[in-house]
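In this chain, residues are counted from 1 in sequence order. For clarity, every value in this text was computed on a predicted model and none was experimentally measured.
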Amino acid sequence: MSNWRSTLARPPPENQMTPLPHGAMKWRKGLRAAFGVALCIAGFALAWATPYRETTAIVGAGGCRLVTDVIDRGNDDTRGYVVLFHGLAANKKIMAYLARGFANENLRVFVPDLPGHGRTPGPFSFERAEACAEAFVRELILRRAIDPQRTLLAGHSMGGAIALRVAARVAVAGVVAISPAPQRVAHGVPPDMLPYTNPPPLPPHTLAISAAFEPLGIRDSTRDLIAGDTAATGKYLFMPRATHVSVLFDSRVVRTAQEWAAETLNFPAEPSVPSSLPLVGSLAGLAGILLLAGPFVRETLGMQHRVTASAQAAESVPRDASAASPAIPLYRALLEMAAVSLLAVALLRFWNPLSFVRLYNGAYFASFGLIVGVALLLIHYKSLRALWPAQIKILLLAAIAGLVLHLLVTGWFDATLTESWLSWVRWARFPASFAAALAYLLAEEFLLGPVAARGKSARVLLALTLRLIAFIALVFGIFVLHSGAILVILLALYLGLFFLFQRLGMDLVHRLTGSAIAAAVFGAILLAGFCLVIFPVT
């Protein structure tokens, strides 16, 4: 009777299909690897094919040392100049599409990394970013690198607000503000979310652009800029079907900015959008890396997996060490995550344990993960021993796999799309970020239960649901408890995409090693690295 009951309690196999012959499986793996490599090679070729002259310099101004890209067509027929400022958690490289659009009109474009972003060291604050940007423009004028009467200031998001503010104090020809950050309380934006609260008069010849899908009332605030008699020389444009980030790669935005530059600087308009092939190449190469990631992780952990499985079979030990603990009921996992997440944002209202990490919003995000993880681990402290693997070597291999994958992805993005290679200043913050991520992800493994307890899709769906609950608690902290962690909202889409791929990788590691903690180590390295890339250094 006991055998009959245990048979019914065992979940059905996830795949009832007849396994492929060894030769066919090997052929499929080889084809996948070849396709991944081909995508990387083609992507690199597309991403680096550019007709523009792009140089990098360090400009010292007002105590700031801003690493700056200078982009033009490589000829002496310069019609004017553009100083282009990036947004919060962005950098100069991600502004390349817009910069090349201006360069197509024979304008020389200066794109600095603001403090704490990209290659420019911190500390970052909104006030320092504005002060450094103004000092940068004045220094370029002093060095006669630009003629203010032939210069446009342009920017996106935070950079758009900075362009407006600097142009109000430094006489330039005009401004292009793309989705500028709001500067006054309106349209439901609370005061603690405003980067700047004392908006200056609108500079002459200002073009303001907003997208259809903007967070934090940015669309309505941008429209309000061009209103009344003070905006006689200004213009507002609305971009349908665009988001706050997609405007950076929108040909309509480039054409509009080119036409405005021609009108303001008084030369014939010849709109010519830059090629999108570099962006296509970057995404193609990323797809190639992701195709290679699965086989890479399997090869890295596969040999250890076979040795461990043989030893456990000889000792009659379950391959998944966490399988000795029953899966937590679904309703309890969801309730625990909701309760602990709300507790975390309430506690963070008074105490941020990782404030010493000094990442804008990143310290708050890491502290949230640490508090949630530790609280859930304390709730399930009796099950901790069940998660520890039989061999420390499994953890080392999982850590190596996670680190190599992080370096591959960030190295690729740094070479093709956006500055993501970590500086030593950011690596110094890695231990604390890793510890916080490890606590959260290990607790998440508790709530998910053994890999055999749920199907692959159900496990991923539950993990993403748990993180959605945590995200809702963070939003509650932003709008109700006024935590100020606005980057969580601005980066929500990218966090979601990252979480999906990270979770798939963690489940693969868990299945290969039979160790929940190895999966958590692998995922924590990826999550800590991701946070160190996107959060500015303060």
Side-chain angles (χ1 to χ4, degrees), residues 2 5-14 318 320-349 365 367-388 436-481 488 492 495-511 514-520 523-524 527:
S2 60
R5 288 181 176 175
S6 63
T7 301
L8 287 181
R10 190 181 303 119
E14 294 181 6
D320 189 347
S322 64
S325 301
I328 298 173
L330 178 62
Y331 74 91
R332 180 179 172 183
L334 299 177
L335 287 175
E336 285 184 359
M337 178 58 76
V340 171
S341 296
L342 289 173
L343 173 66
V345 294
L347 181 59
L348 283 168
R349 185 72 176 84
F365 188 75
S367 293
F368 174 83
L370 179 66
I371 293 171
V372 170
V374 169
L376 289 171
L377 291 175
L378 289 176
I379 293 173
H380 299 279
Y381 72 95
K382 292 183 179 179
S383 302
L384 275 174
R385 294 182 62 184
L387 292 185
W388 195 262
L438 181 62
Y440 176 87
L441 294 175
L442 190 56
E444 185 179 82
E445 289 294 324
F446 272 122
L447 299 184
L448 294 177
V451 290
R454 295 182 174 92
K456 293 180 183 179
S457 300
R459 185 177 174 85
V460 171
L461 181 60
L462 177 56
L464 295 180
T465 302
L466 293 173
R467 297 191 191 188
L468 177 61
I469 292 173
F471 175 80
I472 292 172
L474 284 169
V475 173
F476 175 82
I478 294 170
F479 287 100
V480 178
L481 302 180
V488 175
L495 283 169
L497 290 173
F498 169 80
F499 285 155
L500 173 61
F501 289 110
Q502 180 216 30
R503 186 66 247 176
L504 292 173
M506 288 178 63
D507 282 353
L508 175 60
V509 172
H510 198 155
R511 290 194 302 273
S515 168
I517 194 170
L527 180 55

Between CD1 on residue I469 and CG on residue L464, distance to nearest 0.5 Å: 11.5 Å
Flag side-chain contact, heavy atom, 4.5 Å: F446 against I379: no
Set of residues satisfying ring-ring contact (aromatic ring centres under 6.0 Å, His included) with respect to F498, sequence neighbours excluded: F530
Contact check, side chains of M337 and L376, non-hydrogen atoms, under 4.5 Å: yes
Considering all heavy atoms, the nearest V345-G477 contact: CB-CA, 4.4 Å
Min side-chain heavy-atom separation L370-V374 under 4.5 Å: yes
Pair listing, salt bridge (Lys or Arg N to Asp or Glu O under 4.0 Å) test, anchored in residues 501-510, at least two apart: E444-R503, E445-R503, R459-D507, R503-D507
Nearest heavy-atom neighbours spanning A437 and L527: CB-CD2, 3.8 Å
Close side-chain approach of I371 to Y440, heavy-atom, < 4.5 Å: no
By ring-ring contact (aromatic ring centres under 6.0 Å, His included) - contacts of F368 (at least two apart): none
Shortest non-hydrogen contact from L442 toward I517: CD1-CA, 4.0 Å
Evaluation steps, side-chain contact (heavy atoms from CB on, under 4.5 Å), between V475 and V480: CA-CA 8 Å; V475 173; V480 178; over 6 Å; no
Minimum-distance pair of heavy atoms, taken over all atoms of A344 and V372: CB-CG2, 3.7 Å
Side chain to side chain contact (heavy atoms under 4.5 Å, CB included) partners for I472, two or more places apart: L468
Closest approach of A520 to M506 (non-hydrogen atoms, all atoms of both residues): CA-CE, 4.1 Å
Minimum heavy-atom distance S341-A470, with the two atoms named: OG-CA, 3.7 Å
All side chain to side chain donor-acceptor pair (under 3.5 Å) counterparts of Q502, not counting sequence neighbours: R467
Partners meeting side chain to side chain contact (heavy atoms under 4.5 Å, CB included) with L343 (sequence neighbours left out): none
Heavy-atom side-chain proximity of L448 to L466 below 4.5 angstrom: yes
Test item: L334 and L447 side chains (from C-beta on) under 4.5 Å apart, heavy atoms: no
Spatial distance of atom CZ (F499) from atom CG (L504) [nearest 0.5 Å]: 13.5 Å
